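Structure first, commentary second.
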Amino acid sequence: MYFWKPSAMPVLSVICDSSEDRARTGRDRYGYKDYVFDWKDLVKRDDVDLVDVGTPNFLHKDVSIAAMRNGKHVYCEKPLALNAKEAKEMLDEARKRRVVHAVGYNNRCLPAVVMAKNLIEEGHIGEVINCRAEYLQDWAISPLVPMEWRLDKKAAGSGALGDIGSHAIDLARFLVGEFEEVLAVSRTLVKERPISELSMLGGGKVSGKDVSGRREKVGVDDSVEFLARFEDGAAGLFHASRFSHGRKNTLAFEIYGSKGSLVFSSESMCELRFYSTGDAEGLQGFKTIKMGRQHPYGEAFWPLADSGMGYADLKSIEISALMDAISGKGKVSADFEDGYRAMLICDAVIESADTKEWVAIQKGD
Ligand SMILES: NC(=O)c1ccc[n+]([C@@H]2O[C@H](COP(=O)([O-])OP(=O)(O)OC[C@H]3O[C@@H](n4cnc5c(N)ncnc54)[C@H](O)[C@@H]3O)[C@@H](O)[C@H]2O)c1
């Protein structure tokens, strides 16, 4: 609808969910032609060219690799896998096949983020000196929030770090550059939770009391803070937490350079704040730039600046790039190599929190 005419038009062939009821509802609700409830049936089908992997994290590797082995393009949600070792297996498979591979680091598609990247690359803030990036939520604060895959190490890999912190890590790689080393603190603030069938973010609810009587140990971090050094000498401060009251879903960064600064928060998704030492001395101060037609992707969205955008719009930008890549006319916004590099950094953060030492980021290959 936004990017008309798209370089390829997706056809909704088959939807899969292990719950047959959800698979059937998904087919009817979104207009798929068919549904299955075993992903192994989906990845083999002739009427599927692209597999969109939106399962819990522990399935990303097996589904993606099976899809690529069947010649399918893959669009896998983040974090790419449970750890860097798994992510590397996925990247190796992708490199062997002539398929497009994308990972859902959709925040790279935000017009204000792309504008920030352009301003940095054009030298408007000079050399980057330091950055601060955070991704904060508050849904897990109550100890009555039930156990779910996102709180289970075997299913999620890590907690706030991989789930939301990896978005901040990915943006820092996108905007500032490669990480050299990290020093981290990680905490699990609620150590046991009641058992429930439904995930909170998948429609489950806090019951108000612990009805099951049974509890399970939480295996992942609720909150992580870490320092980083970048390869080019810049330094960074990162924070990912599900325990930040009032922050429902806030991704924010500040980048300070030798000639200016950039400030962004997803709470005002269509704004970028920019300070330039190039402004006349008496007129220096942060200006708030409202994203509009003349900004990245603006022509697809807005006749007038300041008309707002949301998460679904962001996904449509990501899918448009994916369609361009499949048609050989462009690149995906983030690929499996980006997914793998984010996992290398997450693994180093986990190791550092454990050892209380600086940990160098493996170079990877
Ligand atoms: N890019 C983003 O901004 C973003 C946002 C939210 C979630 N995610 C990612 O999307 C993925 C899913 O998260 P969610 O919030 O939708 O989780 P969810 O729990 O709401 O939904 C997961 C779905 O997977 C289904 N499922 C579980 N096991 C399955 C199997 N074996 N075969 C088929 N289906 C199966 C479940 O029935 C459920 O419907 C995660 O990797 C998450 O990190 C990314």
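None of the values given here were measured: they were computed from a predicted structure. Every number for a ligand or one of its atoms is a count from 1 in the order of the listing. One is the number of the first residue; the rest follow in order along the sequence.
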Identify which of Arg22, Lys78, Lys40 has a heavy atom lying nearest to atom 42 (C) of ligand 1.
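The nearest heavy atom belongs to Lys78.
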I'd like the name of whichever of Glu318, His167, Glu148, Arg150 reaches closest to atom 14 (P) of ligand 1 through any heavy atom.
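Answer by nearest heavy atom: Arg150.
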Heavy atoms only, cut-off 4.0 Å: how does [X] contact ligand 1, side chain, backbone, both, or neither?
| X | answer |
| --- | --- |
| Asn107 | neither |
| Phe37 | neither |
| Glu20 | neither |
| Tyr105 | neither |
| Asn106 | side chain |

Polar side chain donor-acceptor pair, [X] to [Y], under 3.5 angstrom:
| X | Y | answer |
| --- | --- | --- |
| Asp279 | Gln284 | no |
| Ser7 | Asp324 | yes |
| Glu267 | Thr250 | yes |

Show the atoms of ligand 1 that are less than 4.0 angstrom away from any heavy atom in [X].
| X | answer |
| --- | --- |
| Lys315 | 1 (N) |
| Gly104 | 1 (N) |
| Asp163 | 43 (O) |
| Leu59 | 28 (N), 29 (C), 30 (C), 31 (N) |
| Tyr311 | 1 (N), 2 (C), 3 (O), 4 (C), 5 (C) |
| Gly54 | 11 (C), 12 (C) |

Is the backbone of Asp347 close enough, under 3.5 Å, to the side chain of Glu351 for a donor and an acceptor to pair up by distance?
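A pair under 3.5 Å: no.
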Side-chain (Lys61) to main-chain (Met90) donor-acceptor, under 3.5 angstrom
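Checked: no pair found.
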Would you call the rings of Phe301 and Tyr2 parallel, tilted or perpendicular, where under 30° means parallel and over 60° means perpendicular?
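Taking Tyr2 first and then Phe301, their aromatic rings sit tilted (interplane angle of 30° to 60°).
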Evaluate the ring planes of Phe3 and Tyr297, with Trp represented by its six-membered ring, and classify them as parallel (under 30°), tilted (30 to 60°) or perpendicular (over 60°).
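The arrangement is perpendicular - the two ring planes meet at more than 60°.
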Show the numbers, then the answer: is there a ring-ring contact (aromatic ring centres under 6.0 Å, His included) between Phe238 and Phe179?
CA-CA 12 Å; Phe238 292 79; Phe179 286 56; 5.4 Å; yes
Taking all heavy atoms of Leu42 and all of Ile15, pick out the closest pair and write down the distance.
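Minimum heavy-atom contact is CD1-C, 4.3 Å.
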Hey, does His60 come in under 3.5 Å of ligand 1, counting only N/O atoms on both sides?
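Among all N and O atoms of His60, at least one is under 3.5 Å from an N or O of ligand 1.
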